[in-house]
Amino acid sequence: MLSRYVRTIYQGDNGFCIHEYKTRQQIPPAAQKPGKNTFVAVGYNLSANPTTEAELTGGWETSKYGMQYRVQTYFEIMPQTEAGIAAYLGSGLLRGIGPKMAKKIVDRFGKDTLQVLENTPEQLLQIGGITPYRLEEILKDYQKSRTLRDIVALLSPYGVSVHKAGQIQDRFGNQAMAILKTQPFRLLEIKGFGFLTVDEIARKTTYNPTDTLRIKGGIRFVLTEAAAQGHLYLGYADVYRQAHLLLNKNLTPNTVSAQLIRRVLCDMLDREEAVTARPAHNIYLPVYFDAEQNSAQRIANLAGAASGFSQAAIADALTASQRELGIALSQSQQAAVMMCMQNRLSIITGGPGTGKTTVLRVILDVFRRLKEGASFLLAAPTGRAARRMSESTGFAGARTLHSALGLLSDDYESPELGVLDKDFIAVDEFSMVDMLLCDKLFRQLGNRAHVLLIGDAHQLPSAGPGLVLREIIASGAVPATCLDTVFRQAGGSRIAQNAQRIIAGETRLDYGMPDFVFLPASSDEEAANIMKEQYLQQAALSSVDDVKILTPMRERGCISAKSMNALLRELVNPKRPQKAELKHGGQVYRVGDKVMQLKNMDDINNGDKLRFQRKRGPVCRLRAGQRVRAEVCGKRGNGCGRPRIVRGGLWMNGPAPEAPQPEQPQPPSTVSLEPAVPADTPIEQLVQTMTPQQAASITATGGYCKGMTLGEIDRQCPEQLYFYASTDGVPPMLRAGAQVLLNRKQTEQIPQAS
């Protein structure tokens with residue numbers, strides 16, 4: 001469909017865009033903008049040049065935003081009229097040609113101007129003001145813009161952004177289009193181009209399934225996918241089998257033979273594009289092999305170094321520390337402290353509730369006594385874990401490992417920013433550390449560093465490759481203490497007992513009240529109903545903040561996290577006229593909703609749990625029991641983005657959604673005011689008659705009122721009284737108490753006659 005660009009509605013960083021175009025062709029009435037023959041098109045890197053026309057190919061589709069044209073491919077059509085050519089040249093596309101110079105060129109060459117630029121550009125020297133140097137600049141820009149335009153047109157159906165198209169041009173220059181059409185697998189030389197995408201592109205151009213570059217790319221893809229699943233390497237047989245399946249997919253069987261794969265792999269090993277570790281003959285990508293070798297060497301060197309503190313001095317410091325801190329360590333905990341102080345590198349491991357944090361607090365105090373003026377670094381893989389270290393030990397300033405190491409992302413190829421020049425370094429939750437992050441840590445340790453690694457070796461391993469903590473402990477090279485006495489659960493707790501049985505590989509568990517109960521279900525639907533009832537019962541006993549549901553599924557099925565969240569949200573925080581909502585990107589955020597941050601940003605960390613609250617209009621978040629003001633904002637016209645929390649506030653990329661501002665509901669006059677409820681009545685006394693569902697609804701919307709009296713609620717969060725006084729299902733005593741306080745407030749605001 002021949003069209004011309006009108007305006008940009010949305011432009012994403014990945015090249016996805018939504019543009020409005022106009023056309024002289026017939027379009028469906030449902031897609032046509034009122035009063036004009038324009039329509040909305042969606043696709044990647046679409047033409048945004050109003051001086052040219054674009055031939056769009058694709059199809060119409062209907063979404064919640066209406067009918068749109070989904071563009072599969074497009075190409076720009078250069079203007080044919082003299083006025084169009086002048087507008088194109090003078091649009092700023094080419095350095096050295098402005099509107100006046102464009103008119104002079106078109107006046108001289110007319111409709112043949114673009115042919116002159118293409119075939120005989122030296123003729124432009126006939127134009128006054130165009131020197132050989134200026135002509136060279138013009139031709140550079142023209143060739144660059146033409147090549148970039150052609151690359152985008154060819155690769156946009158595969159989601160290749162303008163940025164990546166620029167990378168292709170930077171890599172291959174003016175030969176980019178020729179390489180794409182004859183040697184497409186050279187795209188694998190550019191970071192960010194994966195095998196599956198390049199293979200799909202190649203199938204549309206010149207496709208040679210036995211191309212050596214394709215086979216190398218397939219082998220690297222197999223190893224990269226294995227790393228994404230946590231594996232540092234694969235055995236020879238696994239590499240051959242998986243590569244053979246991948247490279248022959250949708251082809252005649254054995255088009256790419258095992259012998260050819262073996263020959264290419266041997267070539268990769270010779271060129272050190274892959275590494276084999278003998279005698280096991282495991283195949284690594286070089287980055288993971290180097291990380292493992294370097295980490296092992298540094299750990300071995302540090303593990304053999306003594307701290308220099310005498311056993312007597314450590315014992316005296318430990319005794320003094322326990323006395324002043326008021327902590328009585330168990331025998332195994334004291335042994336962990338002694339081990340840590342005697343060795344430059346040590347490990348403390350143990351399950352939940354075994355006192356690892358308590359031991360760390362004592363270790364830090366003991367080390368400070370042994371080394372006057374010592375400097376410390378406390379770090380953890382996540383922001384939440386780092387903050388928990390600070391709170392539990394009293395040492396402010398615990399950091400994420402990425403922050404401490406100067407890593408801005410998971411790009412471990414970034415340059416090292418300096419040495420961790422600290423006397424004592426403690427890393428908590430070390431089971432979450434993968435091989436690359438471990439390598440980065442030990443590379444940057446200073447010469448005097450005393451290092452303690454803390455974690456539960458039985459927890460799930462890191463998301464990245466490598467069972468780092470487990471393998472270090474299994475090596476026996478590093479002194480390690482395992483804390484096995486559970487202090488967090490009560491004696492005889494089935495949770496602790498069953499955890500030990502699972503670790504030992506036993507499948508027979510002990511069930512019973514009150515802490516470990518099995519409720520059978522014959523279907524997912526029945527299981528969802530059981531979870532719903534249990535959730536409401538437990539929430540009524542405390543609050544929704546104290547109850548969590550764990551499920552192995554995220555998206556699929558009625559017992560997935562997505563489905564259960566939607567179900568429970570409507571039970572504990574239903575839609576009400578007086579409750580403001582925020583609509584964004586297909587998601588509705590309602591006052592009282594619990595939400596989770598999904599990205600580390602400033603003082604907000606991935607995994608932080610927040611709550612939307614309303615405070616005279618703006619949306620607020622609830623964190624760690626405190627109400628913190630947050631604002632919803634964004635620049636108009638920038639398109640929609642995922643909600644993100646920055647510097648203590650909820651921000652959104654794109655237009656600021658306008659939360660409805662309903663009128664403050666008037667408390668119903670039908671509520672009985674007798675008997676009067678004193679202002680010093682705790683709210684817990686007023687919710688005793690509530691059903692589980694009512695209690696869950698109340699705590700979901702006003703959970704921060706737990707432990708407060710009506711008078712305190714009136715002073716600190718008076719808007720909550722309106723909710724209590726006007727919401728169906730609130731117990732009569734609570735409604736009456738809220739109504740009394742509201743009536744009193746209104747009476748006090750009426751001026752008295754003089």
Side-chain angles (χ1 to χ4, degrees), residues 330 332-333 348-359 382 384-385 388 392 428-429 431-432 454-461 469-470 473 481-554 556-565 567-569 571-572 594 596 607 609 684 688 690-693 695-696 699-700 703 706:
S330 67
S332 62
Q333 289 175 323
I348 293 178
T349 184
T354 55
K356 297 189 295 295
T357 301
T358 301
V359 172
T382 67
R384 290 184 67 198
R388 199 161 53 238
S392 60
D428 199 6
E429 301 288 357
S431 62
M432 300 173 63
I454 308 168
D456 183 357
H458 297 293
Q459 283 187 346
L460 290 175
L469 177 62
R470 205 174 299 178
I473 294 174
T481 298
C482 179
L483 304 177
D484 53 11
T485 302
V486 178
F487 299 96
R488 187 176 301 167
Q489 277 85 28
S493 166
R494 288 184 175 87
I495 295 176
Q497 295 174 4
N498 287 333
Q500 294 299 322
R501 291 178 181 180
I502 292 171
I503 290 172
E506 297 182 24
T507 58
R508 296 183 63 183
L509 305 180
D510 184 18
Y511 300 101
M513 294 294 288
D515 57 356
F516 205 89
V517 182
F518 177 75
L519 302 175
S522 59
S523 66
D524 286 355
E525 290 76 13
E526 184 180 356
N529 286 327
I530 292 174
M531 286 194 287
K532 178 189 72 174
E533 295 302 325
Q534 290 294 317
Y535 183 87
L536 294 175
Q537 289 177 23
Q538 296 301 320
L541 296 175
S542 53
S543 81
V544 293
D545 291 324
D546 298 327
V547 184
K548 294 179 177 61
I549 290 179
L550 302 181
T551 176
M553 279 72 72
R554 174 180 292 183
R556 298 180 180 178
C558 60
I559 58 172
S560 66
K562 181 178 180 180
S563 298
M564 291 302 299
N565 276 331
L567 171 66
L568 297 174
R569 184 263 195 110
L571 291 174
V572 302
K594 294 173 67 176
M596 180 184 290
K609 296 175 180 61
E684 281 80 359
Q688 290 178 356
M690 298 174 67
T691 66
Q693 184 170 332
T699 53
K706 180 181 177 182

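Numbers here are sequence positions counted from 1. None of these values were measured; they are calculated from a predicted model.
- Taking the side chain as every heavy atom from C-beta outward, Y535 and L571 never approach each other to under 4.5 Å.
- Smallest separation of non-hydrogen atoms from A528 and C558: CB-O, 3.9 Å.
- Under the salt bridge (Lys or Arg N to Asp or Glu O under 4.0 Å) criterion, K532 pairs with no residue, sequence neighbours left out.
- Under the 4.5 Å side-chain criterion, counting only non-hydrogen atoms from C-beta, N565 is not in contact with I549.
- Partners of A499 by side-chain contact (heavy atoms from CB on, under 4.5 Å), not counting sequence neighbours: none found.
- Within the structure, salt bridge (charged side-chain N to carboxylate O under 4.0 Å, His left out) contacts touching residues 520-530 (residues at least two apart or in different chains) do not occur.
- The side-chain heavy atoms of T481 and V359, taken from C-beta on, include no pair separated by under 4.5 Å.
- The shortest non-hydrogen separation linking F516 to D510 is CD2-O, 3.5 Å.
- Shown here are the salt bridge (Lys or Arg N to Asp or Glu O under 4.0 Å) partners of R501, two or more places apart in sequence or in another chain: there are none.
- Every ring-ring contact (aromatic ring centres under 6.0 Å, His included) that F518 has, sequence neighbours left out, goes to Y511.
- Heavy-atom minimum distance, I473 versus A457: CD1-CB, 3.9 Å.
- Remark: D428 CG to R388 CZ distance equals 7.0 Å, nearest 0.5 Å.
- Applying the side-chain hydrogen bond (donor to acceptor under 3.5 Å, both in side chains) criterion to R470, with sequence neighbours excluded, gives no partner residue.
- With sequence neighbours excluded, the residues forming a side-chain contact (heavy atoms from CB on, under 4.5 Å) with S392 are T357, listed by chain and number.
- Rounding to the nearest 0.5 Å gives a distance of 5.0 Å between CE of M432 and OG1 of T382.
- The side-chain contact (heavy atoms from CB on, under 4.5 Å) test applied to S563 returns S560, not counting sequence neighbours.
- Between the NZ atom of K548 and the CD atom of Q538 there is a distance of 13.0 Å, given to the nearest 0.5 Å.
- With values rounded to the nearest 0.5 angstrom, I559 atom CD1 is found 12.5 Å from L567 atom CG.
- Side-chain atoms of K356 never come within 3.5 Å of backbone atoms of I348 as a donor-acceptor pair (strictly under, hydrogens ignored).
- Annotation: the span from E506 atom CD to N498 atom CG amounts to 9.5 Å, rounded to 0.5 Å.
- To the nearest 0.5 angstrom, Q459 atom CD is 9.5 Å from L469 atom CG.
- Under the rule for a side-chain contact (heavy atoms from CB on, under 4.5 Å), T507 has no partner lying at least two apart in sequence or in another chain.
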